[in-house]
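Count residues from 1 along the sequence. Every heavy atom of this structure was used, including side-chain atoms; hydrogens, water molecules and symmetry mates were not.
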Amino acid sequence: MKRYFYCYIILCSMLGTMMLSCTGKKQNTDDSRHTVAEEQQVRDSSILVRLVSVRDDSIDVTYLDNRQNKTFCYGRAQMEGKVKGGLSTGDTLSILPNSQTQHVDAVINVSELVGKWFYDQAQHRGFQFGHGGALSSINMQNVSFRNWFVRNGELVIHYVDVQQVARNGQQYWIDNSSIERLDKDELVLRFRDTLYHCRHLQAPVKFRFGSK
């Protein structure tokens, strides 16, 4: 009888340890997030430019802030998968120039990113990226957005976790998101450790009969 009793005690202890371990992991996951108020100041070397021309593995660009013209090599960044989006003349790009060479370490086509992207066509749910960092959710559950920006070649999103608003009040959280794929029709975005496969909103074709 004593042997069964001791086995029962040992089993209860093991179950208790496992529950504490799982709880600890969840807390560590939650604690890894940071609010905008806690965000540390980081120097951003990203630059907004207008693409003037593409020549072999080089791009000619004009800085939007001072109208300076420069040429960069993008071949290495493309090989490393750091060029997000197409390279169409006239598009606005966010580039991360290498301070020691005439290369860019990352490119994001902002012109292609801006717009409405839907990962759930049936429920009409998705993201709307606007100019100047504007960002809004489209019928998304449990999240709303403050803004987006590119910092050192990476996409950063500030958002509100709606589920926590009732408990802690409204706080803006930081997500170091990543663009896995981007072109004019498709956006694959990693946000809060979830991969969203989005399609660009296609404007309906309007037919007009006759003339006024």
Find the distance between CZ (Arg190) and CD1 (Ile179) and round it off to the nearest 0.5 Å. 13.0 Å
Please check if any side-chain donor atom of Ser177 sits under 3.5 Å from a side-chain acceptor atom of Asp175, or the reverse. yes
Answer yes or no: does atom CG of Asn139 have more than 12 heavy-atom neighbours from other residues, nucleotides or ligands under 6.0 Å? yes
Is the shortest heavy-atom distance from the side chain of Val104 to the side chain of Leu96 under 4.5 Å? no
Evaluate the side-chain proximity of Leu189 to Leu155: yes if any heavy-atom separation is below 4.5 Å, no if none is. yes
Quick check: do Val156 and Asn176 have side-chain heavy atoms less than 4.5 Å from each other? yes
Any chance you could measure Leu135, atom CG, to Phe129, atom CZ, to the nearest 0.5 Å? 5.0 Å
Applying side-chain contact (heavy atoms from CB on, under 4.5 Å), run through Tyr74 and His103 and close with a yes or a no. CA-CA 6 Å; Tyr74 71 93; His103 292 77; over 6 Å; no
For Val114 and His200, the nearest pair of non-hydrogen atoms, with its separation, is O-NE2, 4.0 Å
Could you please spell out the steps behind the side-chain contact (heavy atoms from CB on, under 4.5 Å) verdict for Thr92 and Val49? CA-CA 6 Å; Thr92 297; Val49 301; over 6 Å; no
Any side-chain heavy atom of Val61 sitting closer than 4.5 Å to one from Val52? no
Positive for ring pair (Phe, Tyr, Trp, His ring centres under 6.0 Å) with His158, one of Tyr172, Phe149, Phe145: Phe149
Find the distance between OG1 (Thr62) and CD (Gln68) and round it off to the nearest 0.5 Å. 9.5 Å
Find the distance between OG (Ser94) and CG (Asp44) and round it off to the nearest 0.5 Å. 7.5 Å
Heavy-atom distance under 4.5 Å between the side chains of Ser58 and Phe72, does that happen here? no
If I compare all heavy atoms of Ser144 with all of Ser137, which pair ends up nearest, and what's the gap? CA-OG, 4.3 Å
Could you check whether Asp60 and Thr71, counting side-chain N and O atoms only, form a donor-acceptor pair closer than 3.5 Å? yes
If we only count heavy atoms from C-beta on, is the Arg151 to Val42 side-chain gap below 4.5 Å? yes
Checking the side chain of Ser46 only, and the main-chain atoms of Asn152 only, is there a donor and an acceptor separated by less than 3.5 Å? yes
Is a salt bridge present between Arg76 and Asp57, judged by a nitrogen-to-oxygen distance below 4.0 Å? no
Using side-chain heavy atoms (C-beta onward) and a distance below 4.5 Å, is Leu51 in contact with Ile59? yes
4.5 Å side-chain heavy-atom contact, Leu87 and Leu93: yes
Of the non-hydrogen atoms in Glu112 and Trp117, which two are nearest, and what is the gap between them? O-CZ2, 3.1 Å
Whether over 12 other heavy atoms sit under 6.0 Å from Gln102 CD: no
In this structure, CZ of Arg125 is separated from CD1 of Ile138 (nearest 0.5 Å) by 12.0 Å
Please determine whether ring pair (Phe, Tyr, Trp, His ring centres under 6.0 Å) holds for the pair Phe127 and Tyr196, giving the CA-CA distance in whole Å, both sets of side-chain angles, and the decisive distance to 0.1 Å. CA-CA 10 Å; Phe127 306 81; Tyr196 293 89; 5.3 Å; yes
What is the minimum heavy-atom distance between Gly86 and Asn109, and which atoms define it? O-ND2, 2.8 Å
In short, Val143 meets Val162 closest at the heavy-atom pair N-CG2, 3.5 Å
To the nearest 0.5 Å, what is the distance between CG (Asp65) and CG (Leu48)? 8.5 Å
Minimum heavy-atom distance Lys84-Leu182, with the two atoms named: O-CD2, 3.8 Å
